[in-house]
Amino acid sequence: MSHQSALIAEDIEAYLKAHEHKSLLRFLTCGSVDDGKSTLIGRLLYDSKMIFEDQMAALEADSKKVGTQGGEIDFALLVDGLAAEREQGITIDVAYRFFSTDTRKFIVADTPGHEQYTRNMVTGASTADAAIILIDARKGVLTQTRRHSYLVSLLGIRHVVLAINKMDLVGWSQEVFDSILAEYHDFAAQIGIKGFTAIPMSALKGDNITESSDKAPWYKGPPLLPHLESLDVEDDLREKPFRMPVQWVNRPDLDFRGFSGLIATGTITPGDRVKVLPSGRESTVARIVTMTGDLPRAVAGQSVTITLTDEIDISRGDVLSIAGQPPEVADQFEATIVWMDDEGMLPGRPYLMKIGTRIVGASITEPKYKVNVNTLEQLAAKRLELNEIGVCNLSLDAPIAFDAYKDNHTLGGFILVDRISNRTVGAGMLHFALRRSQNIHWQALDVSKASRAAQKGQKGRVVWLTGLSGAGKSTIANLVEKRMQADGRHTYLLDGDNVRHGLNKDLGFTEEDRVENIRRVAEVSKLMVDAGLIVLVSFISPFRAERRMARELMEDGEFVEVYVATPLAVAEQRDVKGLYAKARAGELKNFTGIDSPYEEPEHAEITVDTTTLSPEQAAEEIVAWLAKN
Amino acid sequence: MDARQAEAAKSRLTPGLDADTLTHLQRLEAESIHIMREVVAEAEKPVMLYSVGKDSAVMLHLAAKAFYPSKPPFPLLHVDTTWKFRAMYEMRARMAETLGFELLVHRNPDALERGINPFEHGSALHTDMWKTEGLKQALDKYGFDAAFGGARRDEEKSRAKERVFSFRSAQHRWDPKNQRPELWNLYNARKAQGESMRVFPISNWTELDIWQYIHLENIPIVPLYYSAERPVVERDGALIMVDDDRMPLRPGETPMMKSVRFRTLGCYPLTGAVESTAATLPEIIQEMLLTTTSERQGRVIDHDQAASMEKKKQEGYF
């Protein structure tokens with residue numbers, strides 16, 4: 001790789017000194033399949049001399065074999081990575097490329113322009129300081145251009161470059177350039193892109209990439225690379241109030257207790273007064289510790305270890321902030337959510353949220369609306385599918401420190417993780433806290449759950465029977481309740497069919513309604529357990545995630561999961577209510593076991609096999625288990 | 001702290017740019033440290049793979065910084081092939097001792113028993129048995145659920161799409177179509193029992209960044225990176241160093257003394273030397289900047305087949 005600075009050959013020490021002081025810019029390229037995006041990146045690597053002879057030889061060979069430039073060098077091949085993608089001729093993931101000039105190192109996130117991959121673009125955009133939006137001069141502002149620009153604006157990328165490419169194919173016409181510029185200008189203003197720089201270029205021919213091209217004398221602005229070199233990077237981060245999510249408590253011995261983290265925004269100096277959120281405790285910075293000596297001051301972007309003058313309780317997930325301008329604390333928010341998983345977002349399902357270094361349980365309401373990323377229309381929606389974007393309310397298990405995403409990406413950006421598959425299923429940006437979350441507090445009551453249960457001489461709990469329709473849940477639950485009543489216990493039976501006639505009569509059988517159905521039943525059970533009752537719940541409750549949510553609502557030992565195990569064939573043969581026949585005939589949609597899945601419990605406290613036990617025997621087993629545990 | 005380190009510490013906040021702008025190396029360093037701390041906070045039993053090369057040297061140095069004044073809270077693991085350069089074994093012992101790491105060495109017992117070597121069994125089987133299989137054995141044996149590796153995205157095309165936190169099945173397989181999206185610096189380290197993560201804290205460093213950082217921070221590296229007179233034979237277009245008497249010479253091959261150095265280090269029979277007189281770090285960097293071939297060219301394994309690295313990775317190679 002030859003940065004052909006003469007300095008390298010003549011005075012390497014001086015060259016190294018100069019290059020120690022390069023800054024770093026991350027940018028994203030977005031364009032459609034044929035806009036020449038890969039060609040542009042290949043060209044930047046080539047022009048900044050980041051391609052070696054052996055890579056060049058391989059490129060020439062590949063260009064002849066699979067290139068799309070008629071045997072000419074196909075720069076796109078330099079950046080199309082995985083074997084399968086090369087065959088398809090499209091990039092399908094986010095790839096990162098590196099090059100540097102004399103003043104700056106660049107990290108390029110290369111994301112595909114293909115319809116389906118909003119997810120990849122959002123991923124690439126999340127770390128970018130700048131975005132290059134490619135436009136084919138022959139085609140002008142397309143649907144894809146609008147979509148990419150919307151996502152760039154949504155993720156809050158500060159610098160936008162409109163690369164009007166393939167100008168050679170429109171004869172370097174200023175008229176074409178100006179009309180595209182005018183159209184984009186109006187659109188950008190609409191979606192909140194405050195400013196952008198438009199550059200006419202030909203990535204294939206190398207015009208207006210590193211040097212001003214004589215083909216467009218009417219263009220007075222900078223070529224692409226010098227423009228990228230001149231953009232300011234993290235200046236604005238340092239001007240914001242100090243925030244540092246605590247990653248790790250550094251405690252080598254009893255005399256040292258430091259809080260390690262990456263400073264998100266602001267600056268910090270020993271002697272500064274800081275506040276810990278969400279606890280609200282305050283202290284003063286004693287030292288900023290690094291291996292090469294204490295720092296007099298640290299700034300956004302540095303990984304440091306901070307010690308305080310007071311012994312206060314701080315752990316991973318807390319946020320250190322400057323005392324005078326702390327972030328807000330809340331547990332309910334409005335947010336924009338981008339869904340990234342094949343399995344759609346279900347309102348009410350409990351997910352895990354990672355924000356900063358904090359992981360907290362979160363459930364999401366039905367979207368207020370989803371956004372058609374092509375037309376920017378707001379549409380009504382019951383849920384979000386892969387690559388959909390919507391605005392929802394979020395409710396967390398515990399309060400967190402936060403800033404609006406527009407003010408602070410670290411304290412306002414989050415990912416959502418599925419609790420069972422552990423996949424990253426979504427990402428989001430917090431808008432604001434819902435007022436009621438700051439005003440509703442649990443009433444501390446003198447009469448407690450324990451006193452109510454003691455009065456009844458029992459331990460309140462939930463016996464949750466799950467299984468296919470026709471497995472015998474209700475029959476068994478009825479028998480259990482009779483036995484317990486006879487023993488003097490205070491019980492209540494919540495049965496699927498009965499609850500659906502009253503409390504849940506507004507719910508159907510779609511996946512999201514099933515989730516809400518279970519959520520309500522779980523909440524009702526929780527109140528009854530609080531009242532000291534033994535609650536028998538007899539619900540199909542087909543999804544693990546919701547049964548787990550119910551379990552997590554209760555205290556340890558309060559939730560007893562009973563799997564009423566019956567093979568589908570047996571349940572279908574019994575068909576007490578004639579429902580299977582209807583489902584098979586297509587008259588009943590979303591029927592569990594037929595066209596809606598049943599997820600068997602993995603860790604049920606009790607499993608009763610109804611092919612070998614009679615309902616009376618099954619009830620007996622459950623009662624015996626409860627007596628012992 | 002020597003003079004260079006003192007100067008580095010002093011210039012930390014006042015580089016030549018406007019007052020507070022961090023340099024690219026400072027930002028890379030901060031990012032790598034952040035990644036390491038996330039792993040230590042979220043994994044149950046992390047380990048750092050140590051290959052004794054320059055990238056490993058940087059990774060160790062970053063780990064020391066990330067947890068200072070604590071010692072890094074994980075051991076080092078060297079998946080040994082018994083065919084590394086002698087100078088690498090000397091370095092390995094020295095580094096573990098100086099930095100106070102616990103050092104674990106794993107040699108695949110099957111490969112040891114069958115005497116697998118690159119001369120009789122070829123580079124593909126040699127790499128598969130010692131490195132790919134050996135690594136899986138070691139991770140299973142100790143029950144590590146997160147392993148730091150020194151891979152960089154600029155090394156090779158299929159690595160450009162690798163995540164920083166790379167999820168592996170219980171069989172250690174990598175599925176390029178099923179990677180978790182990584183947004184901002186929020187890494188999802190959650191996994192089921194038996195599954196594991198490979199984590200690449202220096203993903204975003206380039207070869208030049210690594211050398212500049214070694215220079216700036218005065219990090220010790222294996223002397224093989226510096227030029228010296230060494231005994232080599234020319235074989236299949238590469239200069240192979242005769243590092244010990246296990247290397248069978250082909251008819252007509254006589255070791256000759258040449259001034260050579262290595263751009264990457266691995267098993268000595270599989271690692272080509274380059275003729276060079278670069279004997280200091282600035283000279284090495286100078287040579288690299290003026291050179292015309294990429295770093296992996298000296299590695300024989302990449303040439304075995306098209307997209308070979310991608311295939312190896314799916315099977316569990318780093």
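Only heavy atoms go into these numbers, but all of them, side chains included; no hydrogens, no water, no symmetry mates. Chain identifiers are assigned alphabetically (A, B, ...) following the order of the sequence lines, protein sequences preceding nucleic acid strands; residue numbering begins at 1 within each chain.
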Structural part of B:Glu38 lying under 4.5 Å from a heavy atom of chain A: both

Side chain to side chain, B:Ser70 and A:Trp248, heavy atoms closer than 4.5 Å: yes

Evaluation steps, salt bridge (charged side-chain N to carboxylate O under 4.0 Å, His left out), between B:Glu31 and A:Arg26: CA-CA 13 Å; B:Glu31 177 186 73; A:Arg26 292 171 182 259; 2.5 Å; yes

Pairwise side-chain contact, A:Glu13 with B:His215, heavy-atom cut-off 4.5 Å (strictly under): yes

Heavy-atom proximity to chain B below 4.5 Å, by part of A:Ile107: side chain

Pick from A:Met340, A:Arg251, A:Lys354 with the largest number of heavy-atom pairs that fall under 4.5 Å of chain B: A:Lys354

Non-hydrogen side-chain atoms of B:Arg37 and A:Thr305 separated by less than 4.5 Å: yes

Within-4.5 Å side-chain heavy-atom neighbours: A:Leu155 and B:Trp184: yes

Heavy-atom proximity to chain B below 4.5 Å, by part of A:Ile359: side chain

Check: A:His21 main-chain N/O paired with B:Thr23 side-chain donor or acceptor under 3.5 Å: no

Donor-acceptor contact present, side-chain B:Asn188 to main-chain A:Asn422, <3.5 Å: yes

Part of A:Arg104 lying under 4.5 Å from any heavy atom of chain B: neither

Residue B:Ala64 versus chain A: region with a heavy atom under 4.5 Å: both

Note, A:Ile12 side chain near B:Glu283 side chain (heavy atom, < 4.5 Å): no

A:Val233 versus chain B, the contacting section by heavy-atom distance below 4.5 Å: side chain

Proximity breakdown for A:Leu352 and chain B, heavy-atom pairs closer than 4.5 Å: side chain

Side chain to side chain, B:Pro282 and A:Leu16, heavy atoms closer than 4.5 Å: yes

N-O pairing of A:Arg423 and B:Glu195 below 4.0 Å: no

Per-residue contact mode, A:Ala300 against chain B (heavy atom under 4.5 angstrom): backbone

A:Arg358 versus chain B, the contacting section by heavy-atom distance below 4.5 Å: neither

Contacting moiety of B:Ser203, where chain A heavy atoms sit under 4.5 Å: backbone

Among the listed options B:Tyr213, B:Phe167, B:Tyr68, the residue most often paired with chain A at heavy-atom distances under 4.5 Å: B:Tyr68

Heavy-atom check, side chain of A:Gln247 versus side chain of B:Met36, under 4.5 Å: no

No-hydrogen, no-angle side-chain donor-acceptor test under 3.5 Å, A:Ser303 and B:Arg27: no

A:Arg97 backbone acceptor or donor facing B:Asp154 side chain under 3.5 Å: no

Residue part contacting chain B, namely of A:Phe256, when any heavy atom lies under 4.5 Å: side chain

NZ/B:Lys45: more than 12 non-hydrogen atoms of other groups inside 6.0 Å: yes

Any B:Pro69 side-chain heavy atom under 4.5 Å of A:Asn250 side chain: yes

